[in-house]
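The next block holds one structure in the form of structure tokens; read it before the comments.
Counting starts at 1 for both ligands and their atoms, in listed order. All values below come from the heavy atoms of this structure, side chains included, with hydrogens, waters and symmetry mates left out.
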Amino acid sequence: MAGVVVKPRARIYHGHDWVYSSDIKKIFGDPSPGDIVSLKDFKDRPLGSGIYNPKSQIVVRRFSRQKQQLDVEFFKRRIQRAVDHRETLGLDMQAIRLVWSESDGLPGVIVDRYGDHLVLQTLTLAMDQRKTTIAEALQSVIKPKSITERNDSPIRGAEGLESVKGLLFGSTPEAFDLQIGGLIYQVDMLEGQKTGLYLDQLANHAAVAELSKDLRVLDVFSHQGGFALACKQAGAAEVTGIEISASAVAAAQINATRNDLKVNFVKANAFDHLRELESQKASFDLIILDPPSFTKNKGSLSGALRGYKEIHLRALKLLQPGGRLATFSCSHHINHETFTQMISGAAVDAKRTLRRLANYSQRADHPVIATLPETEYLRGFAYETMGGW
Ligand code: SAH
């Protein structure tokens, strides 16, 4: 079998599963892109099996510490383990990420479940080449009515993969209604952003909603209205959502109607709209900030932080004394320290004292691997601004 010898001091010796091109001492046996390679340390000791893609910055991703083929039996075992793990978490199994890449030992494979239907993403070359085998394993373990492929994520570009979406198995329903928690959502597996909903935020919708009773709420970056709808349902006085995507606003409005909740969704650029609200001297009691990741790499971090700080500053100015801020970051490059420093910077500029009410993270169907810091990406906090302090 072809293989890769890894230089000393590479991350793999610290428990990581990725091998960058600069970590490689030697490639032997002439592997083809997408092949399985055996990994060896610089003293020729085995480190396990990985998937190989010389086009990617991450040339090898280890998926097993043993010698291992990627056959249907392997995929069935890994998928079953992922499902078993989810079943122990006490989450709603109808709207859930069943398989999440490295965190489930399947680098690049993401499977979301919406009722009887599955959405599959294969974001690495090796897994993409094996997507029919993966779909076969999913049919055997989960017995879904359909499997939709949502391989239109821009991350695939890094692996030299094209953007595709379509049906892999069964017949995909048009957008359909699904009861998730206390709310009915419209799920559009083929056309919705991501694979439909932001599953990683579902638990946080409910947690933030608990802070919203009788309050005037502004949900910034509202997508299909997850926070806005949960707050209104939990007894918020008035709720406004701001979202730039017309299709997300349309879905949010449909969701509001289905649930018989009155929420005002505004299609606008959040940066402009927050400025406009400020000039109108608007005020709110709870503001939720859940922006997209403004940075995909370390290089764009400082620009991203300026963007984060600007929306925080504007939000703080719109908050009544005693008002609450719930804020999230979904980029693993923004670690705890960077995020909290940016928030304190905005508090200093706005001359506000913020007292922390809660810590939030990604839902447990996106598990964190201790030695893979990239698997921990979603952070959030709730604060209250101290009135008359
Ligand atoms: N809060 C949502 C998820 C938000 S994801 C939930 O919990 O389900 C981030 C959203 O921000 C996306 O829907 C994206 O379309 C939107 N967005 C991106 N840039 C924006 C901008 N400049 N102004 C307003 N919305 C924006």
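Contact annotation for Tyr198 and ligand 1: only side-chain heavy atoms (C-beta onward) come within less than 4.0 Å of the ligand. The part of Gln201 lying near ligand 1 is the side chain, judged by heavy-atom distances below 4.0 Å. Contacts with ligand 1 closer than 4.0 Å are made by backbone heavy atoms (N, CA, C, O) of Ala268 only, the side chain lying farther away. Contacts between His273 and ligand 1, counted as non-hydrogen atom pairs separated by less than 4.0 Å, are absent for every part of the residue. Both the backbone and the side chain of Pro292 come within contact range of ligand 1, each with a heavy atom under 4.0 Å.
Looking at ligand 1, you'll find an N or O of Ile244 within less than 3.5 Å of one of its N or O atoms. Between His205 and ligand 1, at least one pair of N/O atoms sits closer than 3.5 Å.
Using the six-membered ring where Trp is involved, Tyr377 and His366 have ring planes that are tilted, between 30° and 60° apart. The aromatic rings of Phe42 and Tyr13 stand perpendicular to each other, their planes meeting at an angle above 60°, with 30° marking the opposite boundary.
Each of the following atoms of ligand 1 lies closer than 4.0 Å to a heavy atom of Ala270: 21 (C), 22 (N), 23 (N), 24 (C).
Scanning Tyr185, Phe221, Phe227, Phe271 for the heavy atom closest to atom 4 (C) of ligand 1 points to Phe221.
Cluster membership for Phe74 and Val72, using ILVMFWY side-chain heavy atoms within less than 4.5 angstrom, is not shared.
Geometrically, Arg356 engages Phe381 in a cation-pi contact defined by less than 6.0 Å to the ring centre and at most 45° from the axis.
No donor-acceptor pair closer than 3.5 Å links the side chain of Ser293 to the backbone N or O of Cys330.
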I would like to know whether Glu243 and Lys267 meet salt bridge (charged side-chain N to carboxylate O under 4.0 Å, His left out); could you show each step before the answer? CA-CA 5 Å; Glu243 164 61 49; Lys267 185 199 161 312; over 6 Å; no

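Residue contacts with ligand 1: Gln224 is excluded, as none of its non-hydrogen atoms falls under 4.0 Å.
Between Lys309 and Asp349 there is a salt bridge, since a side-chain N of the basic residue sits under 4.0 Å from a carboxylate O of the acidic one.
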